[in-house]
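What follows is a set of notes on a single structure, which appears directly below.
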Amino acid sequence: MGALAGTAKTGTTKIGTAETGTAKTRVATTDTADADTDTSERHTAAGANPGRLVGKTALVTGGSRGIGRGIAERLAQDGARVGVHYGSNEAAAKETVAAIERSGGSAFAIGAELGVPGDAAALWAAFDAHADGLDILVNNAGIGTSRPFADTDESEYDRLFAVNARAPYFITRLGAERLRDGGRIINISSGVSHAAVLPDIMTYAMTKGALDVFTRNLSKVLGPRGITVNAVAPGIVDTDINAAWLRGEDNKDAWAGAAAMSALGRVGTTQDIADVVAFLAAPDGRWVTGQWIDATGGSLA
């Protein structure tokens, strides 16, 4: 569900705290645009269907690591050619592309900083150099904060909304011109947009709430073209960005606290989220649109 602290900056890992029963669990966002690649979190998707997305082109923003990387790899496993967007960590994006290609898939890396004027136009200019048209857009890139209400200043507030709400809005608006009829738009939201489980990160939650409203309304706008628009909301996920506080012998209590938040009694994986996205991107998801899909493992049940 995500918590960050300190200045809001794309690609920077920041950690906050949340109480879970008697355990104090630190939580960090899983969808920032860049971070060092962690090959230990790569998975082979059990439900992957190598043929169902053949001939499709996908773009995953923030696709160089974490949840974004998991999504990019899963879509490629299903046969799509995947654009892996990064904000600043080109090496991580190239490693993700290389991993996809080693597995027999097709991918390319594109760089564009988000949250700055002209970000959407720059992203699509880079994309157009590699592909002619789009079938699947995954708005995954984002930043978050753990700074509480009393400590959030205007610059942090503006930066969060610029990256988490404005960027996907205009990426999608310009992308709609490239998106083929019958396409898919999948926005990565968060469990905190639907429950006040971590009130200290309300600003981050508000940006994801804006993304949810965007999702519902856009489904009606693009529905006549057969394009579905949905939001997928992760909870705490085991990613490289969370490794410092979640993994290892010294973090057993944090891991147990995070697992206890889920009704299924475990911490989420990138594959858990990627598989939901893959369903929505595939023909199987054709009759689902305008929905916010809880992928927190029952953390909000």
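We count residues from 1, following the sequence as given. Heavy-atom basis, side chains included; hydrogens, waters and symmetry copies ignored. Model, not experiment: these values are computed from the prediction.
- The residues Arg52 and Asp284 are annotated as salt-bridged, a charged nitrogen and a carboxylate oxygen being separated by less than 4.0 angstrom.
- The distance from the CZ atom of Arg247 to the CH2 atom of Trp255 is 7.5 Å, given to the nearest 0.5 Å.
- A donor atom on one side chain and an acceptor atom on the other are found under 3.5 Å apart for Thr172 and Asn139.
- A pairwise comparison of heavy atoms in Met261 and Ile236 identifies SD-CD1, 3.5 Å as the closest pair.
- Between the side chain of Ser64 and the backbone N or O of Tyr86 there is no donor-acceptor pair closer than 3.5 Å.
- Panel note: side chain Thr57, backbone Leu134; no donor-acceptor pair is recorded below 3.5 Å.
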Carefully, step by step, assess Ile67 and Val237 under the rule side chain to side chain contact (heavy atoms under 4.5 Å, CB included). CA-CA 8 Å; Ile67 289 176; Val237 177; 4.0 Å; yes
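- Here the CZ-OG1 distance, from Arg184 to Thr289, works out to 8.5 Å after rounding to the nearest 0.5 Å.
- A side-chain donor-acceptor contact under 3.5 Å links Asn230 to the backbone of Gln291.
- Ile241 places a side-chain heavy atom less than 4.5 Å from the side chain of Arg65.
- In this structure, Val277 and Val232 have side chains that are in contact, with non-hydrogen atoms separated by less than 4.5 Å.
- Thr61 places a side-chain N or O within donor-acceptor distance of the main-chain N or O of Ala141, the cut-off being under 3.5 Å.
- Between atom CG of residue Asp119 and atom CG of residue Leu174 there is a gap of 9.5 Å, rounded to the nearest 0.5 Å.
- A donor-acceptor pair is defined here as one N or O able to donate and one able to accept, closer than 3.5 Å; no such pair exists between the side chain of Ser262 and the backbone of Ala258.
- Within a 6.0 Å sphere centred on OH of Tyr169, other residues, nucleotides and ligands contribute 12 heavy atoms or fewer.
- Thr296 OG1 to Asp272 CG: the interatomic distance, rounded to the nearest 0.5 Å, is 11.0 Å.
- Ring orientation note: the planes of Phe108 and Phe127 are tilted relative to one another, at an angle of 30° to 60°.
- Of the possible donor and acceptor atoms, one in the side chain of His85 sits under 3.5 Å from a partner among the backbone N and O of Gly62.
- In summary, the side chains of Thr269 and Asp238 do not present any donor paired with an acceptor at a separation below 3.5 Å, with no hydrogens or angles considered.
- Under the 3.5 Å distance criterion, the side-chain polar atoms of Asn164 are left unmatched by any main-chain donor or acceptor of Gly142.
- A donor-acceptor contact shorter than 3.5 Å is absent between the side chain of Asp212 and the backbone of Ala231.
- At least one donor-acceptor pair closer than 3.5 Å links the side chain of Ser193 to the backbone N or O of Ser190.
- A donor-acceptor pair is defined here as one N or O able to donate and one able to accept, closer than 3.5 Å; no such pair exists between the side chain of Arg69 and the backbone of Ala92.
- Considering Ile143, Leu198, Val192 as possible partners of Tyr204, the one that fulfils the side-chain contact (heavy atoms from CB on, under 4.5 Å) test is Val192.
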Listing, residues 216-224 side-chain donor-acceptor contacts under 3.5 Å, not counting sequence neighbours, or none:
| residue | atom | partner | partner atom | Å |
| --- | --- | --- | --- | --- |
| Asn217 | ND2 | Val213 | O | 2.9 |
| Ser219 | OG | Arg216 | O | 2.6 |

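- Applying the side chain to side chain donor-acceptor pair (under 3.5 Å) test to residues at least two apart or on different chains, the pairs with a partner in residues 123-132 are Asp128-Arg178.
- If you chain together hydrophobic residues whose side chains sit under 4.5 Å apart, Ile186 and Phe279 fall into the same group.
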For Glu95 and Arg102, what are the C-alpha separation, side-chain angles and deciding distance, and is it a salt bridge (Lys or Arg N to Asp or Glu O under 4.0 Å)? CA-CA 10 Å; Glu95 165 53 27; Arg102 285 194 298 269; 3.1 Å; yes
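- Rounded to the nearest 0.5 Å, atoms CD (Glu73) and CD1 (Ile71) are 11.0 Å apart.
- Heavy atoms from other residues, nucleotides or ligands lying under 6.0 Å from CG of Asp181 number more than 12.
- Put simply, CZ on Phe214 and CZ on Arg173 are 10.0 Å apart, with the number rounded to the nearest 0.5 Å.
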